[in-house]
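One structure below.
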Amino acid sequence: VRRRIQAVRVVNVFLFSFLLFWVLSPGSSAQARVRKEIEIPGIKGFITLKCDFHMHTVFSDGEVWPPVRAEEAWRQGLDVIAITDHIEEKYLDHKEDVRPGQTDHNRSYELMLPRAQSLGLMLIKGGEITRDMPPGHFNAFFLRDTGLLDTPSFKDAIKAALDQGAFISWNHPPYPKGKSVWYKEHEELYQKGWMHGIEIVNGRDYYPTVHRWCLEKKLTMLGTSDTHAPIHLEYNFAQGEHRPFTLVFVKERTREALKEALFKRRTAVYWNKTLIGEEKFLKPIFENSIEILDPAVTIQGKKRKYIRIRNHSDIDFELEAEAGSEAVSFYKNLVIYGDRTVLLRISGKSGELSGKKKIVLPYRVKNLLIAPGKGLLVELEVHIHFLPGTKKN
Ligand SMILES: [Zn+2]
Ligand SMILES: [Zn+2]
């Protein structure tokens, strides 16, 4: 009997210690839920929102449970996502597993919303209206009820979206044939003002033809992931890859301001480490990223000097000289790495110059695309005090 009492005491002491440890423990030490911000300097008068406007979940042909999409986006530094599950029966791959016997097109949004709100991520309710080409696939954003877009007729679906004040974009125009064709169906939508934006980037693909259309027809430029699998299965983030996203320049951080900016075409696209957009957006982004730490140097004769250039953004700017200079020689190619300071070597050309001169080095930034194949032209300005070289020099 005594032995049994002793055994019970030992167990009690053990349980008490465990309880004490549990009560006093500082909590979980899991640190995996971390957000990486994307540094891209802003434009005067606007807030830059980083947005992915196209993605799928198990509620259409995706492979991800809705709240996971919100957390993926938050961790990758995005501010806004739109959920755009396909509406048509044909693409509801998991419907018998997800909700047997009933289809609710608003459900993926509802499931995502609490997670998005807890992370401070703006969530936009959308849907992908999906038909064979032409007209192809269209996303509608800012919906109240996605279910109203579930109509046999394509035009009725578009109308149901427009009735809700939706913004409508044409998705991946070259799909499925690999060639971008502007059919009469698209012309009709465009003429009616039923097409507001267009994807010039979808996933890993950039479409130069569509980029040209977007500029000519004054549509809003979008670049989206259209992710179906878990995002980490689609991009090798450890190797520095990133998902494509759209930058939207808003007046304030609200849904209404986002919508206003989309209709006013204040967007740019970041894809494959390349920023695509109109010059009026890309130029200030470059200028606000770059700081010349040695804006004034002295050069004697043909000697060389190094100018330190700091890049405050996360984007590696790839520069190629547009022209030479009569006064100095300088690098033909220069990469100004993101979040780094690089050295630009310049040296006196003639050895005969003297006095102070402002020198402008013209470069094209190859990965700041203002039109298909056309990089942004920038000027790096340095003030040089030239001293004549000695005879030996
Ligand atoms: Zn699609
Ligand atoms: Zn899609």
Side-chain angles (χ1 to χ4, degrees), residues 51-66 68-70 72-73 78 80-95 98 103 105-109 111-112 123-143 146-147 149-151 154-155 157-158 161 166-183 185-186 189 194-207 209-210 213-214 219-231 233-235 243-246 262 269 271:
C51 318
D52 188 352
F53 291 114
H54 192 163
M55 61 186 63
H56 297 273
T57 73
V58 290
F59 282 80
S60 60
D61 55 351
E63 297 175 32
V64 172
W65 188 246
V68 177
R69 284 285 180 233
E72 285 175 342
L78 297 181
V80 180
I81 56 172
I83 171 65
T84 55
D85 277 315
H86 294 281
I87 291 159
E88 295 67 22
E89 185 82 14
K90 183 175 154 187
Y91 296 88
L92 309 184
D93 291 2
H94 314 286
K95 68 180 163 120
V98 174
T103 299
H105 295 293
N106 296 299
R107 190 62 186 148
S108 51
Y109 172 86
L111 288 167
M112 237 188 217
L123 178 62
I124 305 299
K125 190 192 275 190
E128 185 165 10
I129 306 166
T130 317
R131 296 292 188 278
D132 291 341
M133 185 67 82
H137 299 191
F138 286 75
N139 275 340
F141 308 113
F142 304 104
L143 299 173
T146 311
L149 279 57
D150 194 352
T151 61
F154 171 77
K155 279 186 191 169
I158 295 280
F167 177 92
I168 293 173
S169 87
W170 181 11
N171 305 338
H172 46 70
Y175 179 83
K177 288 187 175 166
K179 193 163 180 270
S180 305
V181 181
W182 186 274
Y183 289 94
E185 284 82 352
H186 302 116
L189 289 170
W194 289 6
M195 187 200 300
H196 310 118
I198 197 162
E199 286 182 351
I200 67 158
V201 163
N202 178 285
R204 291 184 176 272
D205 301 319
Y206 156 68
Y207 319 121
T209 305
V210 181
W213 289 347
C214 177
L219 291 164
T220 301
M221 189 179 290
L222 299 176
T224 71
S225 71
D226 196 1
T227 178
H228 284 71
I231 197 81
L233 300 189
E234 296 186 344
Y235 296 92
R243 78 163 91 187
F245 57 87
T246 306
L262 282 173
V269 167
W271 159 82

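Counting begins at 1 with the first residue of the sequence. As the structure lists them, so they are numbered: ligands from 1, and atoms in each ligand from 1.
Taking the Zn ion (ligand 1) as reference, the nearest N/O/S atom within His137 carries the name ND1. Within Asp226, the N/O/S atom positioned nearest the Zn ion (ligand 2) carries the name OD1. Taking the Zn ion (ligand 1) as reference, the nearest N/O/S atom within Glu128 carries the name OE2.
In summary, no N, O or S atom of His86 is located under 2.8 Å from the Zn ion (ligand 1). Among the backbone and side-chain atoms of His54, an N/O/S atom is found under 2.8 Å from the Zn ion (ligand 2). The distance from the Zn ion (ligand 2) to the nearest N/O/S atom of His228 is not under 2.8 Å.
Side-chain atoms of Thr84 come within 3.5 Å of backbone N or O of Met55 as a donor-acceptor pair. Checking side-chain atoms of Asn106 against main-chain N and O of Thr146 turns up a donor-acceptor pair under 3.5 Å. Trp271 places a side-chain N or O within donor-acceptor distance of the main-chain N or O of Arg204, the cut-off being under 3.5 Å.
A perpendicular orientation is assigned to the rings of Tyr91 and His137, their planes being inclined by more than 60° (bins at 30° and 60°).
The shortest non-hydrogen separation linking Pro173 to Met133 is O-CE, 3.3 Å.
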